[in-house]
> 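My questions will all concern the structure given below.
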Amino acid sequence: MSGDRTHNDSQIESGSRVNDSHKHKDKHKDKEHRHKDHKKDKEREKSKYSNSEHKDPSEKKHRDKEKLKQKDGVDRHKDKDKRKEEKIRSFDGKPKKEKENGFASPPRVKSEPNNDGFYLSPKHDKSLKRERDEDDSEFKPKKIKVENDKKVKKRKPEDEEDIKPKKKTKDKKGADGKKKVKKEPEEKWKWWEEERYTDGSKWRFLEHKGPVFAPPYEPLPSNVKFYYDGKPFKLSEKAEEVATFFAKMLDHEYTTKDIFRKNFFKDWRKEMTSEEKGKLSDLNKCDFNEMSEYFKAQSEARKQMSKDEKLKIKEENERLLQEYGFCVMDNHKERIANFRIEPPGLFRGRGDHPKMGMLKRRIRPEDIIINCSKDSKHPKPPPGTKWKEVRHDNKVTWLVSWTENIQGSIKYIMLNPSSRIKGEKDWQKYETARRLKKCVGRIRAQYREDWKSKEMRIRQRSVALYFIDKLALRAGNEKEEGETADTVGCCLLRVEHICLSPEKDGQEFVVEFDFLGKDSIRYYNKVPVEKRVFKNLQLFMENKQPEDDLFDRLNTSILNKHLQELMDGLTAKVFRTYNASITLQQQLKELTSPEENLPAKILSYNRANRAVAILCNHQRAPPKTFEKSMQNLQTKIDAKKDQLSDAKRELKSSKADAKVRRDEKSKKAVESKKKAVQRIEEQLMKLEVQATDREENKQIALGTSKLNYLDPRISVAWCKKWSIPVEKIYNKTQREKFAWAIDMADDDFEF
DNA sequence: GGCCATACTTAGCATCTCCACA
DNA sequence: TGTGGAGATGCTAAGTATGGCC
């Protein structure tokens, strides 16, 4: 098949080949533009430090115009040097070697399409008549429930149960059943058995108390001083407040970074009086240490508070939660996720974020838009203030919004994941992924066919889709230049992010990926690909510079439009959900053996979960205490081993004793020694399993996939099948979020 | 088709809480 | 009973996706 490229690639319409751009006028433009932009980028980089957030509007306009001119592709390249610098940065700030943390070639198990795979959990077998706005074959709440707003207000006492806030149940010990397990409230609202709205509205009635604002600034005591150039300097209140933000972060690596310091200083100066501005001209001469010590002492004092004092604070927090932490949405009291407005501080962008250190300003009532229903009791702004706006938009789910000043994006207050509105969406997400399961075979066949297309754009689309499917890459939406760290997803991959080897480590057609993904987490993977993909990649890279786009004819909207045609509701992200869930299901089948005991089964579950986390590249920095805690665990294991050999010795001698004496008493002694050995062996095994689990989890975060990608019904079914308490898999919060799945999935659920 | 605004999900790190153990 | 540390929770940044406008 080595000749396929020469044959097929020559058939590609020349007009659509970006690689022969030099032959075409517009492509010349393209290249010219690229160079221009590079020059501009460099200039921008130069001026960034003196004026990072106020870009010359004419420059922007010009760039926009250039972009419009550019018919064919998108030039989203930033400074090359900067990228190279970032390229070598790993998530812990150091270059990584391949496979160092086991991320190369993640284990993957794929299920091929199952065309009859229309699974209905028995509880949903019953015919459920419901008009649906989306084609979610299994998304079928049962009862029809139509309640008008007035009824909400006139709730009867018997409804009170719903209105009561969920009392925090203390789950003392969880599933072992060894200690008291306080029952969770028995009657919980099963929204999944009710009718959904079909008109695009999200609610009929919404009432809440508005947000909780950050506490006002408390000036420092007079004995805590700020020093400039070695001398005490009394700051104005505004300047002092911003200085405390920096002081609080003094021990953090952020404050050593040039960009952070520059951004901070620039924004800090804006808060200074003209006198302060004149005198405080060099951040390096500023001494925040006394302030920093003061905050450390305060935090220490908080830790040392008496029980009563702590209780008082806890009660106050509880009061706030009760007052502001719940809303009434369509007859039900629902928990709000984030009812507190983000306090002012310094922006902590991740990776090499160009805006890190900028001042995140205090949000005032005048910045706040309230969303609630017309006939609800509207939240009151704090005395003497007013809201920016009160609106009644039931097509959205948010309660409160404001625009933040760093990126100009909108922030929202929304409901908790356990709420109906979030749960329905989550359920729907998994149903879409299950629909993909039914047609993934066809889609895969199609994109494989498209690798041979005459059109470059189709080839690029199909190769990108292959990566998204095979490697669970994110889509890669375009981002505004200079506004965020240089991170990419699939459609944004650049030539410099991949390295092709016809043969490597005994494998053919190897692609080595190395780029920074979401949150500037490094994605490093070396994967053998199909020959056609390899040849296509070579083609896409022809005559391109390292900083050029790999898929210059593709973006996420083109890709998603195509996916939409293949399956209703299909977007790039659905592949991640589908592949994560199907991998979990298969790994669970593969790894669970019936004869295993409970801890071993849990280990198997965690390993299945881990396979998904590796697939999705969910990394974490190793916990600071990791080495120490592993050591502690090892000490425990060693001690247990000693204990075991002692117990075995004792057992041996009691057996010998019993042989001589042949009486009941010594027989009983043997039995009890046997039991002791057994018990210690079990304890040892548990500790060893724990150590393995922890070691394997060192740099992998399981939580993200568990919460966002794994259909909870798979886990619930697994628990039911093996009689494992669901509490072993999901903590209380997770059980609340997945209440729908826990209720509806039986042991035979198939994703 | 590109741009932009908007709405929502996904993500890792920081901080808090509470349990096991000395 | 005090405390270290694991796990839970909170926080908010950083993604994806869509729809409207030009």
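Computation of the quantities below employed the complete heavy-atom set of this structure, encompassing side-chain atoms and omitting hydrogens, waters and symmetry-equivalent molecules. The chains referred to below are lettered A, B, ... by the order of the sequence lines, with proteins before strands, and numbering in each begins at 1. Predicted, not measured: the structure shown is a model, and the values here were computed from it.
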> Does A:Y324 have its ring centroid less than 6.0 Å away from the ring centroid of A:F339?
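No, the ring centres sit 6.0 Å or more apart.
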
> Identify, between A:Y709 and A:N317, the residue whose nearest nucleotide on DNA chain B lies closer to the 5' end.
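Going by which nucleotide is closer to the 5' end, it is A:Y709.
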
> Are A:F513 and A:F467 close enough that their ring centers fall under 6.0 Å?
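Centroid separation for A:F513 and A:F467: below 6.0 Å.
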
> Applying side chain to side chain contact (heavy atoms under 4.5 Å, CB included) between A:L415 and each of A:R335, A:E334, A:R420, report the one that passes.
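Answer to the side chain to side chain contact (heavy atoms under 4.5 Å, CB included) test with A:L415 among A:R335, A:E334, A:R420: A:E334.
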
> Please determine whether a side-chain nitrogen or oxygen atom of A:H618 lies at a distance below 4.0 Å from atom OP1 or OP2 of B:dA11.
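Yes, because at least one side-chain N or O of A:H618 sits under 4.0 Å from OP1 or OP2 of B:dA11.
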
> With nearest nucleotides of DNA chain C determined for A:Q734 and A:N338 from heavy-atom distances, which residue corresponds to the more 5′ nucleotide?
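Per heavy-atom nearest nucleotide, the more 5' residue is A:Q734.
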
> How do A:T571 and A:Y730 order along DNA chain C: which one's closest nucleotide is nearer the 5' end?
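Residue closer to the 5' terminus by nearest nucleotide: A:Y730.
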
> Under 3.5 Å between N/O atoms: give me all the protein pairs with nucleotides 6-8 of chain B, atom names plus distance.
from: B:dA7; atom 1: OP1; to: A:W398; atom 2: NE1; distance (Å): 3.4
from: B:dA7; atom 1: OP2; to: A:W398; atom 2: NE1; distance (Å): 3.4
from: B:dA7; atom 1: OP2; to: A:Y412; atom 2: OH; distance (Å): 2.9
from: B:dC8; atom 1: OP1; to: A:K202; atom 2: NZ; distance (Å): 3.1
from: B:dC8; atom 1: OP1; to: A:T397; atom 2: N; distance (Å): 3.4
from: B:dC8; atom 1: OP2; to: A:T397; atom 2: N; distance (Å): 3.0
from: B:dC8; atom 1: OP2; to: A:T397; atom 2: OG1; distance (Å): 2.9
from: B:dC8; atom 1: O5'; to: A:T397; atom 2: OG1; distance (Å): 3.4

> Is the centre of the A:H353 ring less than 6.0 Å from the centre of the A:F260 ring?
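No, ring centres 6.0 Å or more apart.
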
> Would you check if the side chain of A:D549 reaches a backbone N or O of A:L493 as a donor-acceptor pair within less than 3.5 Å?
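Flag not set: sc A:D549 to bb A:L493 has no pair under 3.5 Å.
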
> Go through C:dT12, C:dT16, B:dA14 for me and flag the one nearest to the A:N477 side chain.
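Nearest to the side-chain atoms of A:N477, counting from C-beta on, is C:dT16.
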
> From the set C:dC11, B:dG1, C:dA14, return the single nucleotide nearest to any side-chain atom of A:K561.
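The answer is B:dG1.
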
> Could you check which of C:dT12, B:dG12, B:dT10 has an atom nearest any side-chain atom of A:P343?
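Per side-chain heavy atoms of A:P343, the pick is C:dT12.
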
> Is it the case that more than 12 heavy atoms not belonging to A:K310 sit under 6.0 Å from its NZ atom?
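Counting other residues, nucleotides and ligands, NZ of A:K310 exceeds 12 neighbours.
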
> Can you tell me which nucleotide in B:dG12, C:dA17, C:dA14 comes closest to the side chain of A:A701?
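Among the listed nucleotides, the one closest to the side chain of A:A701 is B:dG12.
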
> Quick one: which of C:dA13, C:dA14, C:dT16 gets closest to the side chain of A:K573?
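Selected nucleotide (nearest to the side chain): C:dT16.
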
> Does a side-chain N or O of A:R522 approach OP1 or OP2 of B:dG12 to a distance below 4.0 Å, or not?
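False: A:R522 side-chain N/O out of range (4.0 Å or more) of B:dG12 OP1/OP2.
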
